[in-house]
There are 2 protein chains.
Amino acid sequence: MNLDFTYFENGIGRISGQLPGMPQDRVVLNRLFFYVFKELDDVYNQHLSEFGLNSSTFLALAMILSSEDNRLNPSHLSDALIASRTNVTRLADDLVGSGWVSRKPCTQDRRRVELSLTPSGRKLILTVLPVIWQRIEQQWIDFSPAEITEFDRLLRKMLEGLRRFRMAS
Amino acid sequence: MNLDFTYFENGIGRISGQLPGMPQDRVVLNRLFFYVFKELDDVYNQHLSEFGLNSSTFLALAMILSSEDNRLNPSHLSDALIASRTNVTRLADDLVGSGWVSRKPCTQDRRRVELSLTPSGRKLILTVLPVIWQRIEQQWIDFSPAEITEFDRLLRKMLEGLRRFRMAS
DNA sequence: TAAAAATAGTTACATTTGAAACTATTTCTG
DNA sequence: CAGAAATAGTTTCAAATGTAACTATTTTTA
């Protein structure tokens, strides 16, 4: 996959020359965001495939690990992963099939299901997490703590703007 | 789709309490990026659906508009959209089917195809662009010019880090 | 408390996208 | 210049994900 942002920038520059009123810096920003996301997603999946995982399965295992008492409902997982419940059902099928997660009915609320890490799933995620963390440190190595903080602030501000905007429309 | 980032942050906080060595701020940053992207993508598609478009078809029309002489090859479009050539073939099928784009063989290089806007496609994209631009201005209205510039710089720096990283691994 | 509404999970179906294989054409190279 | 390699586009197949409909439960409400 070719990720040369100049294709887009050149095009947008030509349009801006023809049509008035383009907020060019913000148009570029939105599109740049898309490019960076693609790259981030690719790099993550590349790393995780070494362990037979992908973004979804990795994060699911990590979220179950982080749960109280090693138990998590599919619905909660759906919220944490920003994935549909449909997809989490399938994800759980896969994780159970791989022997990393067990699925048991919940006794308190019989509509619910409880997902738990098996010993093998726990071992896997405890092996993978430090490796991924090390790579994330590498990824951000050129950023100062102040830049990290500022980036975080800007992303949250962008998120708020988008949410307020979505409500408005 | 529930986009409450606290589900993730709480989980990551609990893991950080249990396991040493997590670069928590950068882990949160990567995930936050994912959340913001989802929201951005949703909002865009919501806006574009009013015109019978989506991110891909909109950007394809805009890129053809921006081209020299109203002609663009599918391969170029593939680069600009960060989409596979497979997907651009399909995209072109749709755009031609909707009457917005014409597809003609290229006389210079007979392997190639030339995509051009039809009058109706040109009219559509010229109608949609100002509306989208206005909404992008709304989206970023709380950001100062300095914040826009800094955000752009940080995104490009992040992209470089990811690319260098991908090469290394 | 009985009916209505909400919630959890699953299933069936559809949409979006990419990888690999294939054809046609052009460019490179020995 | 003839064969090999590269390039452009398409087709086939597969992977990932979402919507809507459905069942089973629990919670709300009149």
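Quick note on labels: first sequence line is chain A, next is B, and so on, each numbered from 1.
Between A/D94 and B/R90, the residue anchored nearer the 5' end of DNA chain D, judged by the nucleotide with its closest heavy atom, is B/R90.
Summarising the geometry, the separation between CD on A/Q108 and C1' on D/dT27 is reported as 16 Å, rounded to the nearest angstrom. If you measure from atom CG of B/D42 to atom C1' of D/dG18, you get 11 Å, rounded to the nearest angstrom. Going from atom CZ of B/F34 over to atom P of D/dA16 covers 14 Å, rounded to whole Å. D/dG18 atom P lies 10 Å from atom CG of A/L81, rounded to whole Å. In this structure, B/F37 atom CZ and D/dT17 atom C1' are separated by 14 Å, rounded to whole Å. The interatomic distance linking B/D41 (CG) with D/dA16 (P) rounds to 19 Å, in whole Å. In this structure, CG of B/N87 is placed 16 Å from P of D/dT12, rounded to the nearest angstrom.
Atom CD of B/E160 is surrounded by 12 or fewer heavy atoms from other residues, nucleotides or ligands within 6.0 Å.
In this structure B/Y44 satisfies the ring pair (Phe, Tyr, Trp, His ring centres under 6.0 Å) test with no other residue, sequence neighbours excluded. Under the rule for a salt bridge (Lys or Arg N to Asp or Glu O under 4.0 Å), B/R14 has no partner lying at least two apart in sequence or in another chain.
Near DNA chain D, meaning a heavy atom under 4.0 Å from it, residues 52-70 of chain B has no residue at all.
Using a 4.0 Å cut-off between a side-chain N of Lys or Arg and a carboxylate O of Asp or Glu, A/E147 and A/R153 do not qualify as a salt bridge. Between B/R112 and B/D109 there is a salt bridge, since at least one side-chain N of the basic residue sits less than 4.0 Å from a carboxylate O of the acidic one.
For B/F58 and B/F51, the distance between ring centers is not under 6.0 angstrom. Residues B/F37 and B/F34 place their aromatic rings such that the two centres sit no closer than 6.0 Å.
For A/N54 (side chain) and A/T57 (main-chain N/O), a donor-acceptor pair under 3.5 Å exists by modelled atom type. The backbone N or O of A/D41 sits less than 3.5 Å from a side-chain atom of A/N45, completing a donor-acceptor pair. Distance alone, capped at 3.5 Å, places no donor-acceptor pair between the A/D152 side chain and the B/L29 backbone.
Side chain B/T86 to base C/dA20: a donor-acceptor pair is found below 3.5 Å.
Taking five base pairs at each end of the helix from C/dT1-D/dA30 to C/dG30-D/dC1 and finding the rotation axis that steps the C1' atoms of four pairs onto the next four gives two axes whose angle is 30°, to the nearest 10°.
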With 3.5 Å as the limit, what N/O pairs link the protein to nucleotides 3-9 of chain C?
from	atom 1	to	atom 2	distance (Å)
C/dT7	O2	A/R111	NH1	3.1
C/dA8	OP1	A/R112	NH2	2.8
C/dA8	N7	A/R85	NH1	3.4
C/dG9	OP1	A/V113	N	3.0
C/dG9	OP1	A/V113	O	3.4
C/dG9	OP2	A/S75	N	2.8
C/dG9	OP2	A/S75	OG	2.5
C/dG9	N7	A/R85	NH1	3.0

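For the ring pair (Phe, Tyr, Trp, His ring centres under 6.0 Å) condition, the pairs that include at least one residue of residues 112-141 of chain A, sequence neighbours left out, are A/W140-A/F143, A/W140-A/F151.
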